[in-house]
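Here the structure is laid out as structure tokens; the discussion comes afterwards.
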Amino acid sequence: MCTNISETVPAAGAAKGGAGWFPVTAANVGFDHAVGSRFDHALLLDFVDPERGPSARVAVELDLETGRALLAALQSVIEAAERSGAPV
């Protein structure tokens, strides 16, 4: 069953693909059929620069448990970075 669960957010960063580094201008987050992993359905993360076409894409498929752990780690690191006084 297709879930069609998907969100896209603007992003500022960079990713390394097969052709080297490229700007990341959007992040797609979804939950649907997996393509490259062993899961029937997976949390799908795509870091992209749509203006550069399909070659400017890094895709990740995770199970929900890993997604939760990643979310918690991101929150923890973001909070620590904000407390650190380092330039953001």
Inset, instruction - Indicate yes or no: at least one non-hydrogen side-chain atom of Leu64 is less than 4.5 angstrom from one of Phe31. - result: yes
Inset, instruction - For residues Pro50 and Thr25, determine if any side-chain heavy atom of one lies less than 4.5 Å from a side-chain heavy atom of the other. - result: yes
Inset, instruction - Answer yes if Ile78 and Leu71 sit in the same cluster of Ile, Leu, Val, Met, Phe, Trp and Tyr residues linked by side chain heavy atoms under 4.5 Å apart, and no otherwise. - result: no
Legend entry - Test item: Phe22 and Val58 side chains (from C-beta on) under 4.5 Å apart, heavy atoms: yes
Legend entry - Close side-chain approach of Leu44 to Asn28, heavy-atom, < 4.5 Å: no
Legend entry - Heavy-atom donor-acceptor pair, Asp49 side chain to Ala56 backbone, under 3.5 Å: no
Legend entry - Close side-chain approach of Phe47 to Arg57, heavy-atom, < 4.5 Å: no
Legend entry - Where Leu62 and Phe39 come nearest, the two heavy atoms and their spacing: C-CE1, 4.1 Å
Inset, instruction - Find out whether Val60 and Asp46 are in side-chain contact, i.e. whether some heavy atom of one side chain is under 4.5 Å from a heavy atom of the other. - result: no
Legend entry - Minimum side-chain heavy-atom gap Asp32-Ser6 below 4.5 Å: no
Legend entry - Single-linkage hydrophobic cluster Leu45~Leu74, side-chain heavy atoms < 4.5 angstrom: yes
Inset, instruction - Provide the closest heavy-atom pair for Ala34 versus Ala42 in the form atom of the first, atom of the second, distance. - result: CB-CB, 4.0 Å
Legend entry - Sub-4.5 Å side-chain heavy-atom contact between Val35 and Glu61: yes
Legend entry - Any donor-acceptor N/O pair, Ser84 side chain to Ala81 backbone, under 3.5 Å: yes
Inset, instruction - Indicate yes or no for a side-chain donor-acceptor contact from His41 to the backbone of Met1 under 3.5 Å, with no hydrogens or angles considered. - result: yes
Legend entry - Closest contact, heavy atoms only, Leu43 versus Gly67: CD2-CA, 3.6 Å
